[in-house]
Amino acid sequence: MEKNSIFQIDKTVCTGCGLCAEKCPKSCIKMVSDEEGFLAPSIDEATCVNCGLCLKSCPTTNASDNLFYLNDREYFCANIKDKETLLKSSSGGMFGVIAEHFIKRGGYVCGCVYNENVQAVHVLTNKTEDVERMYGSKYVQSTAFECFSGVKDLVVKGVEVLFVGTACQISALRIYLGKEYESLLCMEILCHGVPSPKFFADYVQHLEKKLGGKVIDVQFRNKEKGGWGSEHRTCVVYRKKNKIKKHRPVLPAYFSAFFYGLNLRESCYKCKFAKSERLADLTIGDFWGSFAKYGKRFDEGISVVGINSEKGRKIVDSVKGEFAFYDKLTEKEAVKSNDNFEHPIKRPRERSTFYNGIFKKPYKGIWKKAYFTRTYRRKTLASIYGAFVPAKIRFALHKK
């Protein structure tokens, strides 16, 4: 059976996109957690007919090779006028303004939210209140594949859908659909990599034990205090004795492990989608190069946007009136400090041991793994510098 099945795919390149399970005509493939807590395919050999469809569809093969947009791309940076939406967004609010555009036109948005158990899942909706739950970065792998059939049902009928996710999720969706639909716009989050859902669940459990309440939201890039730009402004929203409270951990180890690339899926270090050619209509992320270009920090946040297709260009033109700031960028300026525009994150040597036994020890045990490795001692200091040294002082030091 293995000669013509998904088991031919090296586990270290599997993205956990779930397409094999969605495409299987016998429903004999299930996505289950592996030893590190990442979803991976499991085949019921008793019902598998060895059709090979799972293997032929896998994005890690050449099935996705013809999906990349090869035409010249355009880049710009911007933030939006709506201050309320901008505050809730991780960077410049590009997702919010484009999602609102789709909802107003009678369309749908498919994006990542936390469910009642604080698990990252994709939902397909035409409700503004659901779209607002999609605001903000969620640094954990989500289950987008469960929405693929719903997206197809809509775009086949000509209903407009905005799908927002990582490049591997978008690749899986486009392969699943089998053809291009004018009614579908894919927006890619410029991806650093995805941590394990089980690892994130352990983090939430640790927080609940520490805070003595029920965690209802983990906002990794909260701007309420200090604005945009620091890597460590996590805000935990929790309920305790029927009151909603907020906790802001100092240098949280979960985020630090993510920032350093220690807790990512193995395939993230080999990502075939992290290159100049993209397969989404739009690519959005933080414009970390803004400091070098403008000599200041945008406290309210600023996005970098890559326009990769004509559909993407039309959408941007239709929402430009919502921008408070807009400036065209060269490719060199766009990719500055955004390495994932060109290549995957480098695999840290500590990654080999990071997950070993991590689920057998209390969560707080990862502090040592996250902060006191030789390779990342310098990055730890750089993170503290970015988090606590005022922007004016940092700018003055850079000018010397």
Side-chain angles (χ1 to χ4, degrees), residues 15-25 27 29-31 39 41 53-54 56-60 63-64 66-69 94-115 119-135 138 140-191 194 273 278-284 308-312 314-315 318-319:
T15 66
C17 70
L19 179 59
C20 54
E22 294 298 308
K23 294 286 282 186
C24 179
S27 299
I29 301 178
K30 305 296 181 185
M31 300 300 291
L39 289 182
L53 187 58
C54 58
K56 294 174 184 176
S57 303
C58 182
T60 66
S64 61
N66 65 345
L67 299 180
F68 291 91
Y69 295 112
M94 290 300 104
F95 162 73
V97 87
I98 294 175
E100 183 181 356
H101 174 81
F102 271 75
I103 297 297
K104 285 182 177 179
R105 288 162 58 99
Y108 284 70
V109 178
C110 187
C112 182
V113 303
Y114 291 131
N115 64 14
Q119 297 167 325
V121 298
H122 263 61
V123 297
L124 178 62
T125 183
N126 62 352
K127 297 179 180 179
T128 300
E129 57 267 32
D130 290 333
V131 171
E132 289 180 353
R133 294 167 58 205
M134 299 175 189
Y135 292 153
K138 298 169 180 66
V140 59
Q141 188 164 31
S142 66
T143 52
F145 57 89
E146 295 175 343
C147 292
F148 287 179
S149 62
V151 170
K152 185 173 184 177
D153 289 344
L154 290 172
V155 297
V156 165
K157 298 173 185 176
V159 179
E160 291 186 326
V161 176
L162 169 65
F163 181 90
V164 185
T166 60
C168 54
Q169 291 172 334
I170 291 172
S171 174
L173 173 63
R174 292 183 62 194
I175 294 172
Y176 176 85
L177 294 175
K179 59 175 286 188
E180 294 297 311
Y181 290 91
E182 191 62 30
S183 53
L184 174 69
L185 184 90
C186 292
M187 179 186 289
E188 169 200 3
I189 304 298
L190 192 58
C191 182
V194 290
F273 307 110
R278 316 303 290 194
L279 43 68
D281 300 292
L282 294 172
T283 303
I284 62 171
N308 308 313
S309 74
E310 186 60 30
K311 279 195 292 183
K314 289 179 180 178
I315 290 295
S318 68
V319 300

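Taking CG from Leu173 and SG from Cys186, the interatomic distance works out to 5.5 Å, rounded to the nearest 0.5 Å. Interatomic distance, Cys168 SG to Glu188 CD, rounded to the nearest 0.5 Å: 9.5 Å. Atoms CG and CZ, from Leu124 and Phe148 in turn, are 12.0 Å apart once rounded to the nearest 0.5 Å. Here Glu22 contributes atom CD and Ser27 contributes atom OG; the two are 9.0 Å apart, rounded to the nearest 0.5 Å. Within the model, atoms OG1 of Thr125 and CD of Glu132 stand 11.0 Å from one another, a figure rounded to the nearest 0.5 Å. Separation of atoms CG (Leu190) and CZ (Arg278) is listed at 6.0 Å; rounding is to 0.5 Å.
Contact annotation: the side chain of Leu279 approaches that of Ile170 to within less than 4.5 Å [non-hydrogen atoms, C-beta and beyond]. You'll find the side chain of Val155 stays beyond 4.5 Å of the side chain of Phe163, heavy atoms only. Taking the side chain as every heavy atom from C-beta outward, Met31 and Pro41 approach each other to under 4.5 Å. In this structure, Ser64 and Ile175 have side chains that are in contact, with non-hydrogen atoms separated by less than 4.5 Å. Put simply, the side chain of Val194 does not reach to within 4.5 Å of the side chain of Val140, judged on heavy atoms. Phe145 places none of its side-chain heavy atoms less than 4.5 Å from the side chain of Cys17. Annotation: side chain of Met187 is in contact with side chain of Ile98 (closest heavy-atom distance under 4.5 Å). With contacts defined as side-chain heavy-atom distances shorter than 4.5 Å, the pair Lys314/Glu310 qualifies.
With sequence neighbours left out, the side chain to side chain donor-acceptor pair (under 3.5 Å) criterion links Gln141 to Arg265. Legend: residues meeting side chain to side chain donor-acceptor pair (under 3.5 Å) with Thr143, ordered by chain and number and at least two apart, are absent.
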Could you go through Glu100 and Val131, starting from their C-alpha distance and side-chain angles, then the distance that decides it, and tell me whether this counts as side-chain contact (heavy atoms from CB on, under 4.5 Å)? CA-CA 8 Å; Glu100 183 181 356; Val131 171; over 6 Å; no
Using the side-chain contact (heavy atoms from CB on, under 4.5 Å) rule, take His122 and Glu146 through it: C-alpha gap first, then chi angles, then the decisive distance, then the call. CA-CA 8 Å; His122 263 61; Glu146 295 175 343; over 6 Å; no
Should Ser57 and Tyr176 be marked as a side-chain contact (heavy atoms from CB on, under 4.5 Å) after you check the CA-CA gap, both sets of side-chain angles, and the distance that decides it? CA-CA 8 Å; Ser57 303; Tyr176 176 85; over 6 Å; no
Checking side-chain contact (heavy atoms from CB on, under 4.5 Å) for the pair Phe102/Ile315: CA distance, chi angles, key distance, verdict? CA-CA 10 Å; Phe102 271 75; Ile315 290 295; 4.0 Å; yes
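The aromatic rings of Phe95 and Tyr135 stand perpendicular to each other, their planes meeting at an angle above 60°, with 30° marking the opposite boundary.
When each of Val123, Val151, Val159 is tested with Tyr108 by the rule side-chain contact (heavy atoms from CB on, under 4.5 Å), just one qualifies, namely Val159.
In terms of heavy-atom proximity, Leu67 sits nearest to Arg174 at O-NH1, 2.8 Å. Scanning both residues, Leu53 and Pro25, for their nearest heavy atoms gives CD2-CD, 4.1 Å.
Between the side chain of Asn308 and the main chain of Ala280, a donor-acceptor pair closer than 3.5 Å is present. Side-chain atoms of Lys311 come within 3.5 Å of backbone atoms of Leu184 as a donor-acceptor pair (strictly under, hydrogens ignored).
Screening residues 151-168 for side chain to side chain donor-acceptor pair (under 3.5 Å) gives Arg105-Glu160, Thr166-Gln169 as the qualifying pairs, with residues at least two apart or on separate chains.
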